Amino acid sequence: MTAAQDPSADIAQEMLRERITLHSRALLWMPPIHAAMIVVMAFLSLSRVPARLFGCWAAAVLCVEAARAVYGRRTLQQVERIDPRRVHLRHIVAAAISGAVVGLACPLFMPYLEIAQRSLLVCILAAFPAVGVSVAMASRSVSGIYSLGVLVPTAAGWIGLYPHQAAVVVIAVLIYSSTVVLASAESERMLRRSVEIRRERDKMVLDLERSNAEVHAAVALAQREAQARSRVLASASHDLRQPLHALSAYSAVLTNDPAPETLHEVAAHVNQIVKSLGDLLHGLLDLSQLASGSYVPILQHFDLGDLMERILSEYRTAASDKGLVLKSDLEAIVVYGDALTIARITRNLLDNAIKYTEHGSVALSVRHVRGMATICIADTGSGIPVAEQARVFEEFYQVDNPARDRSRGVGLGLAIVQRLAQLIGGRVELHSQVGSGSRFEVLIPNASLAAPLLPSVRSGASAVPAGRKIYVIDDEVDIRLSMVQLLKSWQIEAHAAGDAAQARLLFDKAGRPDLLMVDLRLRDGENGARLARQLHARYGDFAVLIVTGETASPALQEARHTGWPVLSKPLHADQLRQAIDAALPASSPVFGKDAAGAIVLPATDATE
Ligand code: ADP
């Protein structure tokens with residue numbers, strides 16, 4: 001442990017500095033005190049001691065004390081910068097010199113004095129070490145050396161004249177010096193305690209300030225969250241009312257005028273409204289799931305470049321429809337993370353890049369820098385003004401859409417992207433210039449450049465494979481009927497079952513399907529994911545899509561861990577089609593697990 005970490009070394013250092021400060025302050029008083037002592041000595045001895053001798057001694061005493069006072073002042077001026085050990089050592093040496101010069105009075109003057117004056121002189125000199133204890137300010141070394149400095153010449157002067165008293169004098173000097181040192185040790189202990197108390201107080205003040213700051217931050221956060229919640233609620237209720245209002249108007253139109261041409265026109269509008277309502281609901285559900293902390297990332301090793309390649313292929317048509325060039329610069333990077341979450345982030349950003357770019361290109365690249373993977377989505381679109389760049393990550397915030405035109409999105413995408421990125425320990429950075437385009441960078445931890453651990457996964461989604469067989473298991477009769485109808489409209493052979501028993505009957509009668517779409521929560525507590533696993537075990541391999549209205553439950557976590565795509569209701573037809581495309585490409589094995597047991601990813605993000 002270094003001195004900086006060791007608290008007792010810290011205290012010793014602080015004490016030394018404290019002692020030096022106190023001693024330096026006391027030194028400032030030494031010249032006048034010694035001058036007073038010289039006056040007393042002059043009265044005592046000048047009648048007998050030669051004036052020149054006395055003058056030399058007095059001058060020496062004053063010089064030493066003046067030097068000590070000057071050094072003391074300098075020390076006080078730069079007490080934070082001094083080396084305390086060195087300064088303390090100098091104080092010890094100076095104390096020895098000061099004591100010795102004072103003590104020299106005894107051997108120098110004693111021969112000229114009478115016995116009474118000698119005794120008085122010794123008494124005066126013996127008082128000095130006692131005074132020195134308070135001047136030394138809890139430094140045993142300074143007070144000890146000072147008393148020896150005074151007492152040794154004093155004792156030597158006395159013994160020189162009265163050698164038969166040598167033993168008594170030596171013992172007296174030893175006892176006296178030890179007492180002085182003990183007294184100093186006691187004040188050293190007191191100083192230590194007061195330093196400790198001061199440190200405890202400082203720590204308490206610091207802790208108090210810190211917890212105060214934490215409370216303030218928590219209050220500010222709670223206020224911000226409350227404001228954000230009311231903003232979200234206000235925007236959500238507006239964005240829900242508007243399409244519902246339009247829907248009720250269209251349903252009235254259909255009731256009043258069910259002519260085929262009206263039907264066709266209204267159907268297109270209704271489709272758009274339902275899609276935007278679905279987007280809004282999904283966004284809100286995602287946000288609530290992320291806020292509740294129930295979104296649990298599933299960690300696995302996967303090849304990021306490969307995942308990006310597959311996602312990119314989903315956007316080729318959308319980009320070419322708008323005349324945009326879709327560029328990529330991908331490399332094999334192995335990431336230990338939640339592939340589904342990373343896929344959702346990327347799709348959101350690619351969606352936006354294509355949506356907000358009218359000319360030029362959209363480029364997707366991945367890079368590896370010091371253990372982090374960076375997914376970069378750059379476009380040559382409208383760009384985002386600097387003043388708006390932080391706000392676009394807020395819920396419902398859209399640039400330049402005051403009328404809240406729902407065909408331009410609902411303004412939840414980037415808020416979700418940012419939360420998802422935080423959830424996987426990453427972050428999103430935005431660089432954009434109006435007119436030049438935008439670049440979103442997603443930084444993801446736990447990446448390495450090692451060879452991919454997974455076999456290459458499918459790339460690209462094929463068109464809906466007509467003629468394939470899909471079973472729908474759902475306890476809601478409306479959902480069963482609408483799903484079967486929708487699938488049939490795509491030339492897919494579709495059958496439905498309402499529960500596990502009906503499903504087994506269906507499997508027995510019509511064989512296993514290419515794909516099973518199963519509701520997670522079936523009637524009587526049956527679990528769709530578990531049922532799919534049982535059917536798998538009994539009837540062999542087929543692709544599975546789990547569909548659910550749940551946003552947070554143990555059953556949902558369990559379903560996510562199966563590795564099968566989990567789709568959230570309400571599910572728009574396009575999303576369903578995309579998920580089926582991904583689960584049933586023209587020539588590939590069904591969705592499952594690779595040899596290493598890692599999940600082979602679906603081409604479509606389940607929960608979007
Ligand atoms: P939405 O796209 O549904 O409006 P988002 O949260 O995804 O909501 O985006 C918020 C806003 O940020 C958008 O309304 C848009 O103005 C702006 N934005 C996002 N991505 C881009 C981009 N690539 N280019 C220009 N503007 C963008």
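We count ligands from 1, going down the list as the structure has it; atoms in each ligand are counted the same way. Being a predicted model, the structure only gives us computed values, none of them experimental. Start at 1 with the first residue, then count along the sequence.
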Self-check item: Side chain proximity check, Phe302 to Leu307, heavy atoms < 4.5 angstrom
Solution: yes

Practice problem: Please say whether Gly383 places an N or O atom under 3.5 Å from an N or O atom belonging to ligand 1. | Solution: no

Quiz item: Between Glu558 and Arg521, is the closest basic N to carboxylate O distance under 4.0 Å?
Solution: no

Quiz item: Within a reach of under 6.0 Å around NZ of Lys327, are more than 12 heavy atoms found that belong to other residues, nucleotides or ligands?
Solution: no

Self-check item: Closest approach of any protein heavy atom to atom 4 (O) of ligand 1, naming residue and atom
Solution: Gln398 NE2, 2.6 Å

Practice problem: Salt-bridge test for Glu331 and Arg367: reply yes if a basic N is under 4.0 Å from a carboxylate O, no otherwise. | Solution: no

Quiz item: Which part of Leu412 is near ligand 1, with near meaning a heavy atom under 4.0 Å away: side chain, backbone, both or neither?
Solution: backbone

Quiz item: With only distance considered, is Asn352 within less than 3.5 Å of ligand 1 through an N or O on each side?
Solution: yes

Practice problem: Considering heavy atoms of the protein only, find what lies nearest to atom 3 (O) of ligand 1 and give residue, atom and distance to 0.1 Å. | Solution: Gly411 N, 2.9 Å

Exercise. Using a strict 4.0 Å cut-off to heavy atoms of Tyr397, name the atoms of ligand 1 that fall inside it.
Key: 10 (C), 11 (C)

Quiz item: Just wondering, are more than 12 heavy atoms of other shown residues or ligands nearer than 6.0 Å to NE2 in His245?
Solution: no

Quiz prompt | Side chain, backbone, both or neither: Glu388 near ligand 1, heavy atoms under 4.0 Å | solution = neither

Quiz item: Does the side chain of Leu277 come within less than 4.5 Å of Leu247's, by heavy atoms?
Solution: yes

Practice problem: Measure the distance from atom 12 (O) of ligand 1 to every protein heavy atom, then report the residue, atom name and distance (to 0.1 Å) of the closest one. | Solution: Val392 CG1, 3.3 Å

Quiz item: Is it true that a side-chain atom of His536 and a backbone atom of Ala532 form a donor plus acceptor pair closer than 3.5 Å?
Solution: no

Exercise. State whether the shortest distance between N or O atoms of Lys355 and N or O atoms of ligand 1 falls below 3.5 angstrom.
Key: yes

Self-check item: Closest protein heavy atom to atom 13 (C) of ligand 1, given as residue, atom name and distance to 0.1 Å
Solution: Tyr356 OH, 3.2 Å

Quiz item: So is Ala415 polar-close to ligand 1, meaning N/O to N/O under 3.5 Å?
Solution: no

Self-check item: Which of the ligand 1 atoms, numbered from 1, are nearer than 4.0 Å to a heavy atom of Val399
Solution: 14 (O), 16 (O)

Practice problem: Check Phe440 against ligand 1 and report side chain, backbone, both or neither, counting heavy atoms closer than 4.0 Å. | Solution: side chain

Quiz prompt | Atom indices of ligand 1, in the order listed, that fall short of 4.0 Å to a heavy atom of Ser438 | solution = 22 (C), 24 (N), 25 (C)

Exercise. For the residue pair Asp303 and Met308, establish whether any side-chain heavy-atom pair is separated by less than 4.5 Å.
Key: no

Exercise. Mark the output for Gly381 as yes if a heavy-atom distance to ligand 1 is under 4.0 Å, and as no if none is.
Key: no

Exercise. Just jot down the ligand 1 atoms closer than 4.0 angstrom to any heavy atom of Ser382, in number order.
Key: 25 (C)

Self-check item: Residue pair Gln534 / Arg504, side-chain donor-acceptor N/O under 3.5 Å
Solution: yes

Quiz item: Can you tell me which residue and heavy atom of the protein come closest to atom 26 (N) of ligand 1, and the distance to 0.1 Å?
Solution: Ile384 CG1, 3.3 Å

Quiz item: Below 4.0 angstrom, N of the basic side chain to O of the carboxylate: do Glu493 and Lys488 qualify?
Solution: no

Exercise. Output yes when the distance from some N or O of ligand 1 to some N or O of Leu414 is under 3.5 Å, and no in every other case.
Key: yes

Quiz item: Is it true that Glu395 and Arg419 make a salt bridge, defined as a side-chain N closer than 4.0 Å to a carboxylate O?
Solution: yes

Practice problem: May I ask you to identify the nearest protein heavy atom to atom 23 (N) of ligand 1, giving residue, atom name and distance to one decimal place in Å? | Solution: Asp379 OD2, 2.9 Å

Practice problem: Verify whether the ring centers belonging to Tyr471 and Phe507 lie closer than 6.0 Å. | Solution: yes

